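Inspection log for the structure reproduced underneath, given as structure tokens.
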Amino acid sequence: MTTPELRRQVINVYKELLNLGRNYPLGYEYFRNRLHKAFSGQAHLSDEEEIRKAIGRAEFVRKEVEALYYLKRYRTLKQRYENN
């Protein structure tokens with residue numbers, strides 16, 4: 001049985017990733033389906049250490065997606081100002 005704190009962390013990371021998926025280039029539905037498969041594939045975990053590792057991987061993915069969005073925004077702004 002997992003602790004309520006770990007459950008809360010997993011739900012928070014899932015919600016953050018879902019929120020980031022709203023701007024995903026391939027569409028929200030694509031992102032949501034992939035995210036759901038990834039999280040449901042780890043639903044069998046019961047060891048707290050393994051759950052913490054999975055949360056760490058999810059945080060890494062969250063940071064990577066944010067970095068991709070920032071890079072896309074930077075490239076768009078750079079392109080707009082170079083044309084002037």
Side-chain angles (χ1 to χ4, degrees):
M1 189 64 155
T2 61
T3 63
E5 178 61 31
L6 283 177
R7 181 173 168 80
R8 194 174 316 118
Q9 287 178 1
V10 170
I11 291 171
N12 285 339
V13 170
Y14 186 79
K15 286 181 179 180
E16 288 173 3
L17 284 168
L18 266 182
N19 193 27
L20 284 174
R22 297 204 183 278
N23 298 322
Y24 197 70
L26 296 177
Y28 177 69
E29 283 300 315
Y30 174 84
F31 188 87
R32 188 180 66 82
N33 289 337
R34 299 279 304 251
L35 182 65
H36 181 74
K37 285 180 187 175
F39 271 76
S40 62
Q42 300 295 315
H44 68 280
L45 296 179
S46 59
D47 182 36
E48 287 190 19
E49 188 59 36
E50 291 295 320
I51 295 171
R52 290 184 200 283
K53 286 181 184 178
I55 291 172
R57 285 192 305 268
E59 288 288 338
F60 177 78
V61 169
R62 182 184 59 81
K63 289 176 186 174
E64 288 293 315
V65 170
E66 285 176 346
L68 288 174
Y69 289 164
Y70 290 135
L71 180 62
K72 182 179 177 184
R73 184 183 308 155
Y74 169 76
R75 286 179 176 166
T76 302
L77 289 173
K78 184 178 177 186
Q79 184 180 26
R80 284 181 189 166
Y81 286 109
E82 282 182 351
N83 289 339
N84 289 333

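Worth knowing before you read on, the calculation uses all heavy atoms, side chains too, and leaves out hydrogens, waters and symmetry mates. All values derive from a computational prediction rather than experimental measurement.
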When rounded to the nearest 0.5 angstrom, what is the spacing between CZ in Arg8 and CD in Glu5?
4.5 Å
Return the CG to OH distance between Leu35 and Tyr30, rounded to the nearest 0.5 Å.
12.0 Å
Look up atom CG in Asn23 and atom NZ in Lys72, then write down how far apart they are to the nearest 0.5 Å.
8.0 Å
Applying side-chain contact (heavy atoms from CB on, under 4.5 Å), run through Arg75 and Lys78 and close with a yes or a no.
CA-CA 5 Å; Arg75 286 179 176 166; Lys78 184 178 177 186; 5.6 Å; no
Under 4.5 Å between side-chain heavy atoms, hopping through other hydrophobics if needed: is there a path connecting Val61 to Leu26?
yes
Polar side-chain atom of Asn19 near backbone of Lys15 as donor-acceptor pair, under 3.5 Å:
no
Gap separating the CG atom of Asn12 from the CD1 atom of Ile55, nearest 0.5 angstrom
9.5 Å
Any chance the side chains of Tyr69 and Arg73 put a donor and an acceptor closer than 3.5 Å?
no
Hey, quick one: are Val65 and Leu18 part of the same hydrophobic cluster, counting side-chain heavy atoms closer than 4.5 Å, chains of contacts allowed?
yes
If you round to the nearest 0.5 Å, how far is CD of Gln42 from CZ of Arg57?
5.5 Å
Heavy atoms of Leu17 and Arg62 approach each other most closely as CD2-CA, 3.6 Å
Check for me, please, whether Leu68 and Phe60 land in the same ILVMFWY cluster - side-chain distances under 4.5 Å, paths through other members count.
no
Nearest heavy-atom neighbours spanning Val13 and Phe39:
CG1-CZ, 4.2 Å
Scanning both residues in full, the closest heavy-atom pair of Arg52 with Leu6 reads NH1-CD2, 3.5 Å
Check ion pair Lys63-Glu66 (N to O, under 4.0 angstrom):
no
By ring pair (Phe, Tyr, Trp, His ring centres under 6.0 Å) - contacts of Tyr28 (at least two apart)
none
Within this structure, what is the OH-NE2 distance for the pair Tyr14 and His36, rounded to the nearest 0.5 Å?
6.0 Å
